[in-house]
Amino acid sequence: MKRIFLICAIALSGAFVINAQNRLIVDADQGKETISKHIYGHFSEHLGHCIYGGIWVGENSTIPNTRGIRNDVVKALKDLQIPNLRWPGGCFADEYHWMDGIGPRDKRPKMINTHWGGVVEDNSFGTHEFLDLCEQLGCEPYISGNLGSGSVEEMSKWVEYITFDGESPMANLRKQNGREKPWKVKFWGVGNESWGCGGNMTAETYSDQYRRYATYCRDYGNNRLYKIACGASDFDYNWTETVIKNIGNRMNGLSLHYYTVPKSWQDKGSATQFDEAEYFTTIQKTLRMNELLTQHSTIMDRYDPQKRIGLITDEWGVWYNVEPGTNPGFLYQQNTLRDAIVAALNFNIFNAHCDRVKMANIAQIVNVLQSVILTDNEKMVLTPTYWAFYLYKVHQDATLLPVNLTCGKYGVQNATPPAFEPPAGFPGGRQQGGQIDVISASASKDASGKIHITLVNVDPSKAQTLETELRGATVKKITGKALTSAKLQDFNSFDNPETVGVKEFKDFKLQNGKISVNLPSKSVVLLEIE
Ligand code: AHR
């Protein structure tokens, strides 16, 4: 039986820790499921300075670029082994007309980006530029097609334009525009948030529309589309049930969107100014991703017990108030150590659900919500969330290892309860009590046989010792890396770009085949075991 050692006194802040012996067992010879590399995916949208300024600067820019795309951003993303990139939205996708973004740039029509700040979109970054970006990054494109305001014909022709190798009106047009050979595109979204900004449809209407649009998205040559249907927001289990029942046999993936909003949608909270209670609420809310994946997967299991259909969490991350003085429509926010912890917790959750979750895309890659990169003209900074992705890339396409964790609890007495609650009585729907596990863990074995364990200590003030036992493997060598900083509120600025980063970590001991790890407070730790 687990021995509870001591319950700490409640501090003035209301924070408390229930100490217990923290123990992790990893079954190193029992892995079955592969953690798809696409779980570590990204999302780019025509929103604020994500595309324009963050990725695209144009060929005549003084900022070093390759065919208009920033070299520094491409290099940083390649270092993350970015597996895929979703584009062009988000809400923007359902008012994007792809034909406006091809051909000579000076002849492309301009439009208003009604969702994001009402600014002029000059369409200088279109299909060719996006697919060039993906080629430079060595990642797979994920295109989000317009079902909300575009036609069936338009979506059908986009697929033909990109992927058809032969004589056809769209393939000929592509060739005229300078691209002889088709591109390969696998991931294809059929509408985004069709229950909201993508057309305000009911699940039934969307199902019928999906049938029409998806029918005409053809597989040309050996290009095979992986069609992703618009899925639910948050706790909308009815949406999942309805679309999987109606069109499950026509889709390869079903999306899910869940944002971590610390306070409320009216006042989301600041990205950098927060107290411990708000930190706790942020973590508590982000952990609900586990409940969401469990519940949506349970519904999917009823209709798809073979798990053929992937659950695609193609928008997730923290959403705060915009930085003071910035355009409210641009959703620009800073990124602190808190966000790195949020990212790492979500990664551990996605890994644990990798039998169903086949892709996830954090929103958004540069200069918007939980971005991995921020830019200011020629300057670029890597955020704490970048460093969380950096640590976790070891899990890409590795075999998930079962973990059994027993650990203490962390809580804050006066934390605001989560703003959104699913209906009372919904199974597993309500948060029980105000405390969370102080440690989160995930483990995998890669193709070379190396084992990686990723650990998070959410406690902002206290280190945690974790006794780790690896069953079914002999430990010869351990190395470690840690991501932490002096304060949860620390961030990387253009003047101080290295406040939060990854350092070598050696605070562990191997004794009698067990590893005792001393996890620093508010940290993410990676152990590599050979
Ligand atoms: O990420 C910002 C917006 O959030 C996306 O455009 C939309 O899909 C979601 O509502």
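In each ligand, atom 1 is the first atom listed, and ligand 1 is the first ligand listed.
Aromatic pair F347/Y40: ring centres closer than 6.0 Å.
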Ligand-protein N/O pairs under 3.5 Å (ligand 1):
residue, atom, partner, partner atom, Å
ligand 1, 1 (O), Y259, OH, 2.7
ligand 1, 1 (O), Q364, NE2, 2.6
ligand 1, 4 (O), E315, OE1, 3.3
ligand 1, 6 (O), E45, OE1, 2.9
ligand 1, 6 (O), E45, OE2, 3.0
ligand 1, 6 (O), C91, N, 2.8
ligand 1, 8 (O), N192, ND2, 3.1
ligand 1, 8 (O), E193, OE2, 3.3
ligand 1, 8 (O), E315, OE1, 3.0
ligand 1, 8 (O), E315, OE2, 2.7
ligand 1, 10 (O), E193, OE1, 2.6
ligand 1, 10 (O), E193, OE2, 3.1

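By the 4.0 Å N-to-carboxylate-O rule, E204 lies too far from K245 to be salt-bridged with it.
Among pairs with a residue in residues 88-128, those fulfilling disulfide (SG to SG under 2.5 Å) read C91-C197, at least two apart in sequence or across chains.
Summarising the geometry of R250 relative to Y210, their closest heavy-atom pair is O-OH, 3.0 Å, with the distance given to 0.1 Å.
Classification of the Y386-Y390 ring pair by plane angle, with boundaries at 30° and 60°, yields parallel.
At least one cation-pi condition fails for R338 and Y279: the charged atom is not both under 6.0 angstrom from the six-membered ring centre and inside a 45 degree cone around its axis.
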